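Throughout, protein chains are lettered first and strands after them, A, B, ... in sequence-line order, and every chain is numbered starting at 1. Quick caveat, the model's predicted, so the values are computed rather than measured.
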Number of protein chains: 2
Amino acid sequence: MKKTKKICPDMPTCSVDYAFRRIGGKYKGRILWYLHEHSILRYGELGRTLPDVTTKMLTQTLRELEADKLISRKVYHEVPPKVEYTLTDVGQELIPFIEHLRQWGEKQIKKEMVEEAS
Amino acid sequence: MKKTKKICPDMPTCSVDYAFRRIGGKYKGRILWYLHEHSILRYGELGRTLPDVTTKMLTQTLRELEADKLISRKVYHEVPPKVEYTLTDVGQELIPFIEHLRQWGEKQIKKEMVEEAS
DNA sequence: CCGCATCCCAGGCGATACTG
DNA sequence: CAGTATCGCCTGGGATGCGG
C-alpha cells in the first residue's frame with residue numbers, strides 16, 4: 001500500500017484534501033457559518049454561540065482561519081478591549097457550500113428522528 | 001465560557017456540526033469524491049488512490065461511512081475475494097458540495113502559487 | 001473583555017505483522 | 001485481495017489560572 005514514502009505530509013494530495021484541511025476540525029465550519037449569519041461577531045459572542053468551546057480552542061481556531069485568510073480580525077484599542085471578526089471575500093465563497101451542507105444535515109436529522117420512532 | 005456543562009458531547013449542537021462530523025476526518029471527503037468520479041471502486045483501488053492511507057485507516061473510515069449510510073459495500077464471495085464500494089443516494093447528495101469545495105480549493109492553490117512567485 | 005500559558009488526556013492516526 | 005490485530009505516537013482538544 002505505502003509504496004515509496006516520498007510523501008511530504010504537509011502537502012495536500014489534491015484540492016479536496018487542501019479544502020478539507022482549511023475547514024476541518026471541530027469548530028471551523030460552525031464559526032464560518034455563524035459569521036455569515038451575523039456578519040460581525042465579537043470574540044465573546046462567538047464563544048457563547050459555540051456551547052462547547054474553550055477559550056484556547058476558540059482563539060486557536062480563529063487564528064488559523066485568519067492565517068488562511070478566511071476571516072479578518074479587527075482590534076479596537078480601547079478599555080475594555082473589543083475585537084470583531086468578519087468573513088473575508090474568500091471566506092464568503094465557502095458559504096454556499098456550508099449552507100447546502102447545513103440543509104443536508106437538517107434533512108438527515110429529521111429522517112433519523114422518524115426512524116427512531118419505529 | 002463553559003456555563004453549565006450539561007452537554008452531551010455525542011449530540012451535535014446544530015446541523016452544521018452534525019454534517020461536519022460525518023464528512024470530517026482525514027480521508028472521508030476524498031473517498032466520497034473518488035467514488036463519485038469512478039462510480040465503483042474496489043478496496044485496493046481506493047487504497048492506491050489515497051497515497052497516504054494505511055489499511056487500518058482505510059477500513060475504519062469505510063466502515064464509518066457505511067454506518068452513516070453514505071456508501072454501500074458489496075462483497076463477492078469468491079477467490080480471490082472482491083469488495084466493491086459505491087455511493088448511496090444519500091452520499092450522492094453530498095457530491096455537489098464536495099465538487100464546489102474542490103473547485104474552491106483549486107482556485108486557492110493557483111492563487112498561492114502566483115503569490116509565491118513574488 | 002480578550003485573550004495567552006501551562007498542564008494534561010483521549011483518541012485519531014500510523015507502522016508492522018498476520019489471516020481467510 | 002481484503003482485510004484483522006497490536007502496539008504506540010502524537011496532536012487536537014480540555015481544564016485551569018494569569019495577564020493587559
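Taking only side-chain nitrogens and oxygens, B:R42 comes nearer than 4.0 Å to OP1 or OP2 of D:dA2. An OP1 or OP2 oxygen of D:dG3 is reached within less than 4.0 angstrom by a side-chain nitrogen or oxygen of B:R63. Listed pair A:R21 / D:dG12 fails the phosphate criterion, with no side-chain N or O lying under 4.0 Å from OP1 or OP2. Side-chain N/O atoms of B:R48 include none lying less than 4.0 angstrom from OP1 or OP2 on D:dA2.
One finds the CE atom of A:M57 at 10.5 Å from the CG atom of A:D52 (value rounded to the nearest 0.5 Å). The CG atom of A:L62 sits 4.5 Å away from atom CD1 of A:I71, with the distance rounded to the nearest 0.5 Å.
Here A:E115 does not pair with A:K111 in a salt bridge; the nearest charged N to carboxylate O distance is not below 4.0 Å. The pair A:E45-A:R42 does not meet the salt-bridge criterion, since no charged nitrogen lies less than 4.0 angstrom from a carboxylate oxygen. Classification of B:R22 and B:D17 as a salt-bridged pair fails, no side-chain N sitting under 4.0 Å from a carboxylate O.
Across the protein-nucleic acid pair, A:E66 atom CD and C:dC2 atom P stand 15 Å apart, rounded to whole Å. Across the protein-nucleic acid pair, A:L62 atom CG and C:dC4 atom C1' stand 14 Å apart, rounded to whole Å. Atom P of nucleotide D:dT11 and atom CE of A:M57 are separated by 14 Å, given to the nearest angstrom. If you measure from atom CG of A:D52 to atom C1' of D:dG12, you get 14 Å, rounded to the nearest angstrom. Separating the CG atom of B:L50 from the C1' atom of C:dG14 is a distance of 15 Å, rounded to the nearest angstrom. Distance A:D17 CG to C:dC13 P: 12 Å, rounded to the nearest Å. Rounding to whole angstrom units, CG of residue A:L41 and P of C:dG3 are separated by 13 Å. Here the P atom of nucleotide C:dC1 and the CG atom of A:L58 are 14 Å apart, to the nearest Å.
Candidate nucleotides C:dG3, C:dA17, D:dC1 were compared by shortest atom distance to the side chain of A:Y43, and C:dG3 ranks first. The side chain of A:K56 sits closest to C:dA5 out of D:dG3, C:dC13, C:dA5. If you check C:dA15, D:dA2, D:dG13 against the side chain of B:T54, the one that comes closest is C:dA15.
Evaluation of atom-type donor-acceptor distances gives no pair under 3.5 Å for the side chain of A:T55 against the base of C:dC2.
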Checklist entry - Could you go step by step and tell me if A:E84 and A:R73 meet the salt bridge (charged side-chain N to carboxylate O under 4.0 Å, His left out) rule? => result CA-CA 6 Å; A:E84 287 179 348; A:R73 180 169 178 267; over 6 Å; no
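Among the atoms of the strands shown, only primed sugar atoms or phosphate atoms (P, OP1, OP2) are found under 4.0 Å from some heavy atom of A:Y85.
Screening B:T88, B:D89, B:T86 for a side chain to side chain donor-acceptor pair (under 3.5 Å) involving B:S72 leaves a single residue, B:T86.
Of the residues in residues 23-39 of chain B, not one places a heavy atom less than 4.0 Å from an atom of DNA chain D.
With the nearest nucleotide of DNA chain D identified for both A:Q60 and A:P81, A:Q60 has the one nearer the 5' end. Residues A:E45 and B:E64 each lie close to DNA chain C; by heavy-atom proximity, the contact nearer the 5' end of the strand is made by A:E45.
A:W104 and A:V114 are assigned to two separate hydrophobic clusters, defined by single-linkage of ILVMFWY side chains at heavy-atom distances under 4.5 Å.
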